[in-house]
A.B. asks: 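Would you mind keeping the following structure in view while I ask a few things?
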Protein chains: 2
Amino acid sequence: MTQRRISTSLRIGKVTIGGDALIVVQSMTKTDTRDITATIKQIRELEDCGCEIVRVAVPDKEAAQSLSAIKRKTSLPLIADIHFDYRLALLALQAGSDGLRLNPGNIGDKEQIARVVAAAKEREIPIRIGVNAGSLPANFEPTIPLAERMVDMALEQIKLMENLDFNLIKVSLKAFDVPTTVQAYQLIADKIPYPLHLGITEAGLPGAGTIRSATGIGILLYQGIGDTIRVSLTAHPCDEVNAAYEILKSLGLRQRGPTLISCPTCGRTEVDLIALAEAVNKRLEKIDKPIKVAVMGCVVNGPGEAKDADVGIACGEGKGAIFRKGKVVKTVAEQNLLEALMAEIERIA
Amino acid sequence: MTQRRISTSLRIGKVTIGGDALIVVQSMTKTDTRDITATIKQIRELEDCGCEIVRVAVPDKEAAQSLSAIKRKTSLPLIADIHFDYRLALLALQAGSDGLRLNPGNIGDKEQIARVVAAAKEREIPIRIGVNAGSLPANFEPTIPLAERMVDMALEQIKLMENLDFNLIKVSLKAFDVPTTVQAYQLIADKIPYPLHLGITEAGLPGAGTIRSATGIGILLYQGIGDTIRVSLTAHPCDEVNAAYEILKSLGLRQRGPTLISCPTCGRTEVDLIALAEAVNKRLEKIDKPIKVAVMGCVVNGPGEAKDADVGIACGEGKGAIFRKGKVVKTVAEQNLLEALMAEIERIA
């Protein structure tokens, strides 16, 4: 893995992004922001599932004004997502938001941006310049490749903010297309010192959307690029958070709860391994400790192939072996495998 | 994206792997290979869901002998997966398998390998040297890093085969750990000319397993490495095939059926977008054409953000716009959105 790009750091409420801070997991509420009760409920769900920063859409004045009530009843740092109307950004700042996201594709007016920047600077509130491939104005550098257009749009806004002596900047450059997204982040990574927020936009439903996001975000993180990530899925925001952690866990960048190693099963397997792995996975939801648990289909390969696991089972005909760090500690009948494994896990956790 | 590594090519039955061939999607049956009826049924399911090569476990003589009956009733190229006993490889070749996978971690004897290679050479059947991190013998180079040990094990076997004047070789170097897997493939990519089979081993259940696989396989494909992929999931093998295609689609390396672009929804959305996207996705299962379909939560952002899509909907309060290539073609009431979108899609497909 490429060593992580060194970025400046900034704080969104209590959370540090950039520098040598852990890569932060964000999501966004999907409730009507004006429905304060529903939004508070969803933010609390997000906090419970491990989200570290939450963004809320601010489509109108009432939504902006709701932020202060929402902030009073929740504890995650709150970012206001602003499109089209810079006055909503000013209201969101007044309401106490911990960060702003502006889309320069639809708030282009320099005077308006300057007013938002002045208000953010006064409160030391960071602003994300959130460029989306799809919302670049058609007349903005129409002849050059999309990734370069996205970067140029971001650089133009950064320049504007820097000229206003503002540097609490975070940048994102999202597209649905993975190679375009990767190229845009690669291009900007060497040009600016600011932390980068990664994401694949409009990635879709969980099945295809998590795969598209893992591919794009994974490629960038492996190159050392990225300080915070948001997986965009057409699903409950906790699905986004879970997917984000799985990406980070798969690259060893964050730990979180148990990791299940399980073999795909094959013609050698003599038990219903899929059902067993699902049952183990369900039971692991209650365990917080970052242990590695293996569920393997055959006794011969099992303990060896999963010797990395803290604890595991390898199933044979009518019975199975419980192993720890690749060494068999016990053999039990098939019908007792799940309970015996869970007993070992609870001993460790 | 890095230009694809140039490998030699070989044929598994009717399918070409390597060279400038498309990246091939493989999976493995999870039935008892000796249960010929069940195995034939699953291979046909795999063929229907787009699998291009199927591997079957050959744990004993009866399984090896089943291959000829299985081959007679199915049309996917068949690879026999051999562990421990080289004689099963000889039987699988006699039974007509189109490829062999040997695990050098558990068939180490050079004389035995030589006998298998001679039989494969006579029939022009390729052999995959399938190294798994977990099954390297403990006494094999115990002091050097795991990825290097995996590569050395593969190189040792390759040398042995080359010395027997055999070069129908394919190589895999799988681990559960993504950075280890990526490093192993990177190390071997410049050292040998043969095609590479990519995978993350024992990746787990579909949720975490597809993410881990997409991260690892995606990183390698982006670097131009990989000629065929197998996603290992503790699930029905068609789930593996679907995940493999989603990885390839997300990098623009294969086309297959429609692609759904859908926004994650936010506080701006005024319809039940998640349910709508799921309904559209369900209906798209019957469409073969590789069209891009967008389901967007707001009219203001929607058509622009998804102007890449061939056709899409952007929802507002009580109504929505149907657009094609970013241009609104029609506005319809919310309850008619799904049917109106599907009518447009069927017009294109």
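Quick note on labels: first sequence line is chain A, next is B, and so on, each numbered from 1.
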A.B. asks: What part of A/Leu136 lies closer than 4.5 angstrom to a heavy atom of chain B: side chain, backbone, both or neither?
C.D. replies: backbone
A.B. asks: Write down the atom of A/Glu240, the atom of B/Pro264, and the distance for their closest heavy-atom approach.
C.D. replies: OE2-CB, 3.6 Å
A.B. asks: Quick check on B/Tyr245 against chain A: is it the side chain, the backbone, both or neither that has a heavy atom closer than 4.5 Å?
C.D. replies: neither
A.B. asks: Of the non-hydrogen atoms in A/Ser262 and B/Gly204, which two are nearest, and what is the gap between them?
C.D. replies: OG-CA, 3.0 Å
A.B. asks: For B/Ser250 and A/Arg212, work out which heavy atoms get closest and say how close.
C.D. replies: CA-NH2, 3.6 Å
A.B. asks: If we ignore hydrogens and angles and just use 3.5 Å, is the side chain of B/Thr234 paired with the main-chain N or O of A/Ile274 as donor and acceptor?
C.D. replies: no
A.B. asks: Should A/Leu205 and B/Leu260 count as side-chain neighbours, where that means a heavy-atom distance under 4.5 Å?
C.D. replies: yes
A.B. asks: Mind ranking A/Cys298, A/Ser135, A/Ala175 by heavy-atom pairs under 4.5 Å with chain B and telling me who comes out on top?
C.D. replies: A/Ser135
A.B. asks: Can you tell if the side chain of B/Glu202 reaches within under 4.5 Å of the side chain of A/Met296, non-hydrogen atoms only?
C.D. replies: yes
A.B. asks: What do you reckon, is NZ of A/Lys307 surrounded by more than 12 foreign heavy atoms closer than 6.0 Å?
C.D. replies: yes
A.B. asks: List the atom of A/Pro179, the atom of B/Met1, and the distance in Å for their closest heavy-atom pair.
C.D. replies: CG-SD, 4.0 Å
A.B. asks: Please report the closest heavy-atom contact between A/Ala208 and B/Glu246, naming both atoms and the distance.
C.D. replies: CB-OE1, 3.4 Å
A.B. asks: Taking every non-hydrogen pair under 4.5 Å, which of B/Thr265, B/Thr39, B/Ile261, B/Thr201 racks up the most with chain A?
C.D. replies: B/Ile261
A.B. asks: Which one, B/His83, B/His236, B/Gln183, leads in non-hydrogen pairs under 4.5 Å with chain A?
C.D. replies: B/His83
A.B. asks: B/Ile219 pairs by side chain to side chain contact (heavy atoms under 4.5 Å, CB included) with which of A/Leu220, A/Leu221, A/Leu251?
C.D. replies: A/Leu251
A.B. asks: Does any backbone or side-chain atom of A/Gln223 lie under 4.5 Å from a heavy atom of chain B? Answer side chain, backbone, both or neither.
C.D. replies: side chain
A.B. asks: Between A/Ala243 and chain B, which part of the residue has a heavy atom less than 4.5 Å away: side chain, backbone, both or neither?
C.D. replies: both
A.B. asks: Between B/Asn103 and chain A, which part of the residue has a heavy atom less than 4.5 Å away: side chain, backbone, both or neither?
C.D. replies: side chain
A.B. asks: I'd like to know which of A/Gly218, A/Cys263, A/Gly105, A/Gly207 tops the heavy-atom pair count under 4.5 Å against chain B.
C.D. replies: A/Cys263
A.B. asks: Could you check whether any side-chain heavy atom of A/Thr215 comes within less than 4.5 Å of a side-chain heavy atom of B/Thr215, counting everything from C-beta outward?
C.D. replies: no
A.B. asks: Considering only heavy atoms, which portion of B/Val295 lies under 4.5 Å from any heavy atom of chain A: side chain, backbone, both, or neither?
C.D. replies: neither
A.B. asks: Count the heavy-atom pairs under 4.5 Å between each of A/Asn106, A/Val56, A/Asp81 and chain B, then report the option with the highest count.
C.D. replies: A/Asp81
A.B. asks: Between A/Asp32 and B/Arg268, is the closest basic N to carboxylate O distance under 4.0 Å?
C.D. replies: no
A.B. asks: If you count heavy-atom pairs under 4.5 Å between each of A/Thr269, A/Thr33, A/Val182, A/Leu273 and chain B, which one has the most?
C.D. replies: A/Val182
A.B. asks: I'd like to know if the side chain of B/Lys30 and the backbone of A/Gly267 have a donor-acceptor N/O pair within less than 3.5 Å.
C.D. replies: no
A.B. asks: Can you tell if the side chain of A/Phe176 reaches within under 4.5 Å of the side chain of B/Thr259, non-hydrogen atoms only?
C.D. replies: yes
A.B. asks: Side chain from CB out, backbone as N, CA, C, O: work out which of these in A/Ala235 comes under 4.5 Å of a heavy atom of chain B, or both, or neither.
C.D. replies: backbone
A.B. asks: Answer with side chain, backbone, both or neither: which region of B/Gln186 has an atom nearer than 4.5 Å to a non-hydrogen atom of chain A?
C.D. replies: side chain
